[in-house]
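Remember, predicted model here, so these are calculated numbers, not experimental data.
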Amino acid sequence: MTQSVVVQVGQCGNQVGCRFWDLALREHAAVNKVTAPLPGFGFFFFFSRSAGDGPDIYKGKICSLKARALLIDMEEGVVNEILQGPLRDVFDSKQLITDVSGSGNNWAVGHKIYGCQYRENIVEKLRKTAEHCDCLQCFFIIHSMGGGTGSGLGTLILNLLEDEFPEVYRFVTAVYPSGEDDVITSPYNSVLAMKELNEHADCVLPIENESLFDIVNKIHQMVNSGKLGSTVKQNSLVTSSAGITKAIQEKPFDAMNNIVANLLLNLTSSARFEGSLNMDLNEISMNLVPFPRLHYLVSSLTPLYTLADVNVPSRRLDQMFSDAFSRDHQLIQADPKHSLYLACALLVRGNVQISDLRRNIERLKPSLHFVSWNQEGWKTGLCSVPPVGHSHSLLALANNTCVKPTFMELRDRFMRLYKKKAHLHHYLQVDGMEQSCFSEAVSSLSDLIEEYNELDATKGGPRTDPSRLKIAV
């Protein structure tokens, strides 16, 4: 059995992480139906040593259960909120790192100042977390790109993980800011962080706030229109205890974070539960990343409405596969069907047969554009355990050139500020931060965009079927 560690950094990272751990516990509780854990539970959880050989059960709760997690934020607010909430016993108090002043939306403060100040402490806690693992396979780093702590300290931790655990995979879930972001310096922070992601991550799952917001609004509209029926679960994140009307007036961060948490749960389902065609995490990087820098995987989840705990009529299986390739279901603002695929992975959960999987791939293939040298670039996984309350679900991961517009828009926003040298002095007054850091970062991003351009230039060429071996008779 392999294990993974979640490193959640900054306000966004910890808020997403909080939703992830809550849903992970609910999922395992629903599957196990017992107080003692079954195989797969140890992928994200362990029992503290004070408990001896088995779980410490008190009033029906497993008190010694701990998450394989490291919580880091340079402000105390979000982490303190987690420690005062229902998940407080799941986190080891020794696996928290907080400060009081924050990074002030400045990548340089998070990366250079706090990175230097907390470097040894972070490495020590990473090692302590790894000691609880028999076979550590992967680090999941969750952070935003627009803030100071998430982008700055988050990418410094990525560097540390490469130095300290070079053989362990590094999956980054990076939340990109929208064009109407309230952090003026977010283009600087995002481009500076992108350079680190290009160089030190094995796989990056880019998520756009704008896409999450659109998905949640779409769910609200469907609920209000009555198309989903009148029954809505009371514990739904979208329909909070105050009711749907108030939830719409508020920023739906909980519901948005819930979608990202479900992405991570589906991504790791094969490692945690049985299935007829399990997909290991290392297989994702091996099969979906043909070139080192092109490791950005566009994700989509279907069905969408059930992510918000809304009851919907079960969709036909084939429709679920079609939806996974539609623009509305992508977690970034992109349309993969009209761009070029390098490779694609389909992770299916529930009562789905391999024949269903193959049939839908053959049905969809004519409408999808794959690079000429990888026309059969599909990786598939089948996990027999569906998400809680659903019969089946699908996570699609696409290495696709459709990420390019997101990166181009980010570069344009960066250049609008950088040409005027606006807000630059806030960064340059930090020790170790020079203007060359900015020029190198935007150059790295431009090189990445150019690599996608070169691939796009091959799209539309004649499809050449690989020649078959001739067998002499």
Side-chain angles (χ1 to χ4, degrees), residues 9-13 72-75 99-119 141 143-160 172 174-201 204 206-210 213 293 296 332-333 403-453:
V9 189
Q11 177 178 331
C12 173
I72 302 172
D73 198 2
M74 295 299 99
E75 293 177 342
D99 205 293
V100 292
S101 56
S103 298
N105 298 322
N106 189 327
W107 181 90
V109 173
H111 198 85
K112 303 288 185 179
I113 295 179
Y114 286 128
C116 181
Q117 182 178 342
Y118 286 98
R119 183 187 186 97
I141 306 101
H143 64 78
S144 70
M145 297 291 281
T149 300
S151 68
L153 192 54
T155 52
L156 179 105
I157 292 169
L158 184 64
N159 299 1
L160 293 178
V172 180
V175 181
Y176 284 70
S178 64
E180 292 76 33
D181 189 58
D182 59 355
V183 177
I184 295 174
T185 55
S186 67
Y188 283 159
N189 298 331
S190 299
V191 172
L192 289 164
M194 278 287 293
K195 179 177 183 292
E196 305 299 318
L197 295 184
N198 288 344
E199 296 174 358
H200 304 291
V204 179
I207 311 290
E208 280 190 297
N209 269 329
E210 194 171 347
F213 191 79
R293 285 163 54 88
Y296 294 86
I332 68 168
Q333 299 282 301
V403 297
K404 185 179 67 174
T406 295
F407 297 156
M408 291 176 67
E409 182 185 351
L410 184 58
R411 182 179 61 181
D412 291 344
R413 291 173 57 209
F414 173 94
M415 292 306 299
R416 282 198 290 271
L417 290 176
Y418 190 58
K419 282 179 180 177
K420 299 295 184 182
K421 301 294 187 284
H423 303 282
L424 213 57
H425 62 287
H426 297 300
Y427 292 79
L428 299 181
Q429 67 187 9
V430 175
D431 286 343
M433 194 70 186
E434 300 176 358
Q435 194 161 330
S436 60
C437 297
F438 287 84
S439 57
E440 290 171 5
V442 74
S443 176
S444 174
L445 180 56
S446 294
D447 289 345
L448 180 68
I449 292 170
E450 184 55 34
E451 289 186 54
Y452 283 113
N453 279 334

Output the distance between atom [atom1] ([X]) and atom [atom2] ([Y]), rounded to the nearest 0.5 Å.
X: H426; Y: I184; atom1: NE2; atom2: CD1; result: 9.0 Å
X: E208; Y: T406; atom1: CD; atom2: OG1; result: 4.0 Å
X: E180; Y: F213; atom1: CD; atom2: CZ; result: 10.0 Å
X: Y176; Y: Q333; atom1: OH; atom2: CD; result: 14.5 Å
X: N453; Y: L448; atom1: CG; atom2: CG; result: 10.0 Å
X: H111; Y: I157; atom1: NE2; atom2: CD1; result: 10.5 Å

State, yes or no, whether a side-chain contact exists between [X] and [Y] at a heavy-atom distance under 4.5 Å.
X: R411; Y: V442; result: yes
X: M74; Y: V109; result: no
X: V191; Y: W107; result: no
X: L197; Y: M145; result: yes

R293: salt bridge (Lys or Arg N to Asp or Glu O under 4.0 Å) partners, not counting sequence neighbours: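 Partners of R293 by the salt bridge (Lys or Arg N to Asp or Glu O under 4.0 Å) criterion, ordered by chain and then number, come out as E451.
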Using the salt bridge (Lys or Arg N to Asp or Glu O under 4.0 Å) criterion, which residues pair with K195? Sequence neighbours excluded.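 Salt bridge (Lys or Arg N to Asp or Glu O under 4.0 Å) check on K195 returns E199.
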Output yes when a side-chain donor or acceptor of [X] lies under 3.5 Å from a complementary backbone atom of [Y], and no otherwise.
X: S190; Y: P187; answer: no
X: T185; Y: N105; answer: yes
X: T155; Y: S151; answer: yes

Do the side-chain N and O atoms of Y427 and N189 include a donor-acceptor pair separated by under 3.5 angstrom? yes
What verdict does the side-chain contact (heavy atoms from CB on, under 4.5 Å) test give for T149 and E75, after you've listed the backbone C-alpha separation in whole Å, the side-chain angles of each residue and the deciding distance to 0.1 Å? CA-CA 9 Å; T149 300; E75 293 177 342; over 6 Å; no
A cation-pi test, strictly: NZ or CZ of K420 under 6.0 Å from the centre of the six-membered ring of Y418 and no more than 45 degrees from its axis. Yes or no? no
Atom CG of residue position L428 - does it have more than 12 heavy atoms of other residues, nucleotides or ligands inside 6.0 Å?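 Yes, CG of L428 has more than 12 neighbouring heavy atoms, counting only those of other groups under 6.0 Å.
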Can you say whether the rings of Y118 and Y114 are parallel (under 30°), tilted (30 to 60°) or perpendicular (over 60°)?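 Ring orientation of Y118 relative to Y114: tilted.
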H143 vs L158, side-chain contact (heavy atoms from CB on, under 4.5 Å): CA-CA, chis, key distance, verdict: CA-CA 11 Å; H143 64 78; L158 184 64; over 6 Å; no
If you apply the rule side-chain contact (heavy atoms from CB on, under 4.5 Å), what do you find for N106 with Q429, and how did you get there? CA-CA 11 Å; N106 189 327; Q429 67 187 9; 5.8 Å; no
